[in-house]
A.B. asks: 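Let me give you the structure first, and then I'll get to my questions.
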There are 2 protein chains.
Amino acid sequence: MADRNGKDAKPIRTALSSEDGIDLAIIELLFFAYRDFTSDPDQILAEYGFGRAHHRILHFVNRMPGLTVAELLDVLKITKQSLARVLKQLIDTGHVIQIQGPRDRRQRELYPTEKGRALALDLARPQSRRISAALKSARTTERAGIEQFLKAMVNPELRAQIDNLPGNALRESHGDE
Amino acid sequence: MADRNGKDAKPIRTALSSEDGIDLAIIELLFFAYRDFTSDPDQILAEYGFGRAHHRILHFVNRMPGLTVAELLDVLKITKQSLARVLKQLIDTGHVIQIQGPRDRRQRELYPTEKGRALALDLARPQSRRISAALKSARTTERAGIEQFLKAMVNPELRAQIDNLPGNALRESHGDE
DNA sequence: AAAATATGTCAACAAGGCTGACATAAATTT
DNA sequence: AAATTTATGTCAGCCTTGTTGACATATTTT
């Protein structure tokens, strides 16, 4: 009757390692790399009382000006109620503006203001600098290999989200087209 | 008096692109890659009523068995109150156990149980599979280049956290030593 | 005219961060 | 031996950002 719920079990004292064929090195590298990659903009955002949610919205509104609320929801994969709260703050602070859709007047097209564009750039700059430095330090100037690897990490059915962004030369052959 | 707080400003209709020398391609690839990289374990965790916080704790307890609460806090960079809530659940469910430190009896050494080790492996497996597939698809079998890039993305002063993990052959020369 | 769609909004809830305050046991310092 | 510091635990409350469900409005489609 001991060990009813798994308590009072024995401790495992050996470290998990690459024994079971798990690629721990890259799993952990992705964790640490992403943690620090996001820390740069996080600091700037805090000055504005913003968070990562604001960053994501601001980034995609800048990358796809005029996208509708529904389109933004689709990229971010969150609910409209979640979006509304954060988007409202970006609108109230004059970083984003809404314009009634020209063909369908129910839609709200989202655009950055100059202020919003400037902030998006401020947030992107340290990330870009970090990437640039990392690319240099990786002796193998294998930028292409790194891009291919990262893209291949994305779910196949969602890779279109990448291809649909403007000026992304990173398109694979799609059979025809 | 118009434009008091940045509202009623003009919309910018041009998309942000690689104009200002910002590396948008890799910024976005990291975002999408990490989003999907974490989605695999997230699904499994949901079955247990766990979240990403549980995953992080479980991972590092498995990778550094016997580490103390203070050491874990240092790796995760969260407060002990945040840790306590989640760690308690892992202990109550028999995934992690605490053992009084042998030299310093104030310390609590954290160990995975068999159950905890099994779950950690279940969570790591799909991530490892995704990485393996991505490495294959990146024609350039430049694993080393990718590892170097990711490591170079981490804050220099925090790279020791990577080096201190067991069985990580990814050590740079540190001058002497 | 009726139904469907795009958006907004209200209310309530949860996870997982945070801070501040205080308690305990054990180690260290005086 | 006494006082202080350290490692940990815990209580209470707050914030952000996600969730669901319900309902309102304007506009487009059927």
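These numbers come from the heavy atoms of this one structure, side chains and all, not from hydrogens, waters or symmetry mates. Model, not experiment: these values are computed from the prediction.
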A.B. asks: Within this structure, what is the CG-to-C1' distance between L90(B) and dA15(C), rounded to whole angstrom?
C.D. replies: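 Nearest whole value for this atom pair: 14 Å.
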A.B. asks: Is there a donor-acceptor pair closer than 3.5 Å between any side-chain N or O of T113(B) and the backbone N or O of G116(B)?
C.D. replies: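 Here the side-chain-to-backbone pair exists.
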A.B. asks: Between T79(B) and dC18(C), is there a contact of a side-chain N or O with OP1 or OP2 at under 4.0 Å?
C.D. replies: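 Result: yes.
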A.B. asks: Using 4.0 Å as the upper bound for N to carboxylate O, is an ion pair formed by D92(B) and K88(B)?
C.D. replies: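 Yes, charged N to carboxylate O under 4.0 Å.
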A.B. asks: Would you check if the side chain of R117(B) reaches a backbone N or O of I12(A) as a donor-acceptor pair within less than 3.5 Å?
C.D. replies: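 No, R117(B) side chain to I12(A) backbone: no donor-acceptor pair under 3.5 Å.
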A.B. asks: Is there a side-chain contact between R108(B) and the phosphate of dA26(C), meaning an N or O under 4.0 Å from OP1 or OP2?
C.D. replies: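 For dA26(C), OP1/OP2 do not have a side-chain N/O of R108(B) under 4.0 Å.
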A.B. asks: Please state how far atom NZ in K77(A) lies from atom P in dT17(D), giving the value in whole angstrom units.
C.D. replies: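 It works out to 21 Å between those atoms.
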A.B. asks: Which of the following nucleotides, dT8(D), dA25(C), dA6(C), is nearest to the side chain of R106(B)?
C.D. replies: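 Nearest nucleotide to the side chain: dA25(C).
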A.B. asks: Under 4.0 angstrom, heavy atoms only, what part of the nucleic acid is R85(B) near: base, sugar-phosphate, or nothing?
C.D. replies: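 Base contact - R85(B) has a heavy atom under 4.0 Å of at least one base atom.
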A.B. asks: dC18(C), dG8(C), dT8(D): which one has an atom nearest the side-chain heavy atoms of V69(A)?
C.D. replies: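 Nearest to the side-chain atoms of V69(A), counting from C-beta on, is dG8(C).
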A.B. asks: Just the rounded figure in Å: distance from P of dT17(D) to CZ of F50(A).
C.D. replies: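 In whole Å, dT17(D) P lies 10 Å from F50(A) CZ.
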A.B. asks: OP1, OP2 of dT8(D) versus side-chain N and O of Q81(B): anything below 4.0 Å?
C.D. replies: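 For dT8(D), neither OP1 nor OP2 has a side-chain N or O of Q81(B) closer than 4.0 Å.
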A.B. asks: In whole Å, what is the span from the CZ atom of R105(A) to the P atom of dT25(D)?
C.D. replies: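 Taking CZ of R105(A) and P of dT25(D), I get 18 Å after rounding.
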A.B. asks: Of Q100(A) and Q89(A), whose closest DNA chain D nucleotide lies nearer the 5' terminus?
C.D. replies: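 Nearer the 5' end of the strand: Q89(A).
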A.B. asks: Roughly, in whole Å, what's the span from CG in L73(B) to P in dT8(D)?
C.D. replies: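 About 8 Å, once rounded to whole Å.
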A.B. asks: Taking the six-membered ring of F31(A), is the NZ or CZ of R56(B) close enough (under 6.0 Å from the centre) and on axis enough (within 45°)?
C.D. replies: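 The answer is no, since R56(B) fails at least one limit relative to F31(A).
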A.B. asks: For a quick check of understanding: with a heavy-atom distance under 4.0 Å over all strands, which category does Q98(B) fall into, base, sugar-phosphate or nothing?
C.D. replies: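 Contact class for Q98(B): sugar-phosphate only.
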A.B. asks: By the definition side-chain contact (heavy atoms from CB on, under 4.5 Å), identify the one residue from R143(A), R129(A), Q127(A), R130(A) that meets it with D23(B).
C.D. replies: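 Option passing the side-chain contact (heavy atoms from CB on, under 4.5 Å) with D23(B): R143(A).
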A.B. asks: Are any of S82(B)'s side-chain N or O atoms less than 4.0 Å away from OP1 or OP2 of dG16(C)?
C.D. replies: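 For dG16(C), neither OP1 nor OP2 has a side-chain N or O of S82(B) closer than 4.0 Å.
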A.B. asks: Separation of L45(B) atom CG from dA15(C) atom P, in whole Å?
C.D. replies: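 Whole-Å distance recorded here is 14 Å.
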A.B. asks: May I have the distance from L83(A) (atom CG) to dA6(C) (atom P), rounded to whole angstrom?
C.D. replies: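 Between P of dA6(C) and CG of L83(A): 15 Å.
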A.B. asks: Over how many whole Å does the gap from K80(A) atom NZ to dA22(D) atom P extend?
C.D. replies: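 Distance, rounded to whole Å: 13 Å.
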A.B. asks: With DNA chain D as reference, determine whether K88(B) or R52(A) sits nearer its 5' end, using the nearest nucleotide of each.
C.D. replies: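 Mapping each residue to its closest nucleotide by heavy atoms, the 5'-most match is K88(B).
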